[in-house]
Amino acid sequence: MDLRYLFLDESGNLDFTTKGTRYFTLTSVMLVDCGCGNELIELRRMLAWEGINLVGEFHATEDYQHVRDRVFDAISRHELRIDATIIEKREIAGHLRSNEHRFYKQMLYLHLKHVVAEVVKPGDSLLVVCAALGTRRDRELHRENLRDVIDQIQPSGSVIRFAFWPAAIEPCLQVADYCSWAIHRKWERRDERSYVLIADKIATEFDLFSKGEEA
């Protein structure tokens, strides 16, 4: 029984006022092995040797462009599947706007329902890893919500387990961060500079409300 990995991250914010981002983007990266993350660890060491010392983990929003270029180059050399769900926040129903945990759970459900149906078959094993969010209480709620979502969408005969880890300790979450950032930039700012570097690895890019879907 082969084990595969699904790493999840999001871009945009949960501010539903006019000051917030227009879109919220939920992105998953599926890997058959974690070689891509291992290469980021090696890249970090190489950058340090070159005199570029990162304070924290690779984080696309905060990294300099010359660092982003190196990270995207590393990602491009690996086999992975990217799926993204694009949510235009002004279309979100009021009861979800007022509760970020309910909103995030619903977005997880809609995203994973689609992706798991595409990639998980009876007999498959999948480890889903999400970036740890917020306070300890927030993380507990996210964990409970993800468990409930997986119970709803898990195909019969498959094994799906999950974990919540800080992105700083899991380089494959940093891969998901970069992919999510690139897709979000395309939608939010019409900036495709980084998007084109991963476009051939994007399996689905689903605009949630394009076909009248409700959330």
Side-chain angles (χ1 to χ4, degrees), residues 3-17 19-21 23-31 34 37 40-41 55-62 82-89 91-117 119-120 124-156 158-181 183-184 206 208 213-215:
L3 175 62
R4 289 178 292 170
Y5 306 88
L6 194 75
F7 295 91
L8 278 156
D9 200 11
E10 69 285 330
S11 297
N13 57 45
L14 297 177
D15 182 351
F16 286 92
T17 72
K19 296 180 180 179
T21 57
Y23 295 99
F24 183 86
T25 305
L26 188 59
T27 305
S28 61
V29 174
M30 195 188 77
L31 302 164
C34 295
L40 289 197
I41 295 174
V55 175
E57 70 272 20
F58 288 112
H59 189 39
T61 301
E62 300 174 0
I82 303 169
D83 293 273
T85 300
I86 317 299
I87 302 103
E88 188 167 7
K89 286 156 51 181
E91 302 290 342
I92 294 294
H95 71 285
L96 294 178
R97 288 170 176 252
S98 60
N99 188 317
E100 66 178 57
H101 292 290
R102 291 177 66 184
F103 168 76
Y104 191 71
K105 180 180 180 179
Q106 182 69 2
M107 297 308 107
L108 273 178
Y109 172 77
L110 293 171
H111 182 81
L112 289 176
K113 179 180 72 170
H114 163 71
V115 175
V116 167
V119 304
V120 178
D124 287 348
S125 297
L126 183 71
L127 177 64
V128 178
V129 182
C130 293
L133 301 169
T135 65
R136 181 176 180 179
R137 178 56 180 159
D138 288 332
R139 293 193 295 271
E140 290 173 352
L141 285 171
H142 285 308
R143 183 181 298 275
E144 293 169 7
N145 288 339
L146 181 56
R147 179 183 291 110
D148 185 45
V149 167
I150 289 175
D151 285 345
Q152 294 181 61
I153 56 89
Q154 182 170 345
S156 177
S158 65
V159 178
I160 302 179
R161 294 176 180 162
F162 67 91
F164 273 94
W165 295 333
I169 70 170
E170 175 48 75
C172 290
L173 282 172
Q174 298 166 42
V175 174
D177 167 81
Y178 259 70
C179 294
S180 187
W181 179 84
I183 294 169
H184 187 76
F206 179 55
L208 181 62
E213 185 91 23
E214 294 185 359

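By convention here, the first residue in the shown sequence is residue 1.
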Could you grab the distance from atom [atom1] of [X] to atom [atom2] of [Y], nearest 0.5 Å is fine?
| X | Y | atom1 | atom2 | result |
| --- | --- | --- | --- | --- |
| I87 | Q106 | CD1 | CD | 10.0 Å |
| E144 | H101 | CD | NE2 | 10.0 Å |
| S158 | I160 | OG | CD1 | 4.5 Å |
| C172 | M30 | SG | CE | 12.5 Å |
| L108 | H142 | CG | NE2 | 8.5 Å |
| E170 | L40 | CD | CG | 10.0 Å |

So [Y] and [X], do their side chains get closer than 4.5 Å, heavy atoms only?
| X | Y | result |
| --- | --- | --- |
| R4 | D124 | yes |
| F206 | I86 | no |
| V175 | F58 | no |
| S28 | L112 | no |
| L3 | L126 | no |
| I92 | F16 | yes |

All salt bridge (Lys or Arg N to Asp or Glu O under 4.0 Å) counterparts of E88, not counting sequence neighbours:
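E88 satisfies salt bridge (Lys or Arg N to Asp or Glu O under 4.0 Å) with R22, R90 once adjacent residues are dropped.
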
Of all residues at least two apart in sequence or in a different chain, which pass the salt bridge (Lys or Arg N to Asp or Glu O under 4.0 Å) check with E140?
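Once residues adjacent in sequence are excluded, the partners of E140 under the salt bridge (Lys or Arg N to Asp or Glu O under 4.0 Å) criterion are R136, R137.
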
For [X] and [Y], which heavy atoms make the closest approach, and how far apart are they?
| X | Y | result |
| --- | --- | --- |
| H111 | D83 | CE1-O, 3.3 Å |
| F7 | A176 | O-CB, 3.8 Å |
| Y109 | V149 | CA-CG1, 3.7 Å |
| V159 | R161 | CG1-NE, 3.9 Å |
| G20 | N13 | CA-OD1, 3.6 Å |

Are side-chain N/O atoms of H59 and D177 paired as donor and acceptor at under 3.5 Å?
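On atom types as modelled, these side chains qualify, holding a pair under 3.5 Å.
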
Cut-off 3.5 Å, side chains only: do H114 and T85 have a donor facing an acceptor?
no

Using side chain to side chain contact (heavy atoms under 4.5 Å, CB included) as the criterion, list what pairs up with T27, not counting sequence neighbours.
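Residues passing side chain to side chain contact (heavy atoms under 4.5 Å, CB included) with T27: T25, I82, A84, C179, S180, I183.
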
Under the side chain to side chain contact (heavy atoms under 4.5 Å, CB included) criterion, do C34 and Y5 qualify, and how do the steps go?
CA-CA 8 Å; C34 295; Y5 306 88; 4.0 Å; yes

Counting N and O atoms only, with roles assigned by atom type, does the side chain of [X] sit under 3.5 Å from a partner on the main chain of [Y], one being a donor and the other an acceptor?
| X | Y | answer |
| --- | --- | --- |
| N145 | K105 | no |
| R143 | A163 | no |
| Q174 | A167 | yes |

Aromatic plane relationship, Y178 with W181 - under 30° parallel, 30 to 60° tilted, over 60° perpendicular:
tilted

Are Y23 and H184, when compared by the centres of their aromatic rings, separated by less than 6.0 Å?
no

Member of V129, V115, V29 meeting the side-chain contact (heavy atoms from CB on, under 4.5 Å) criterion with L6:
V115

Quick one: does NZ or CZ of K89 land under 6.0 Å from the six-membered ring centre of F24, within 45 degrees of the ring axis?
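K89 over F24 ring: no.
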
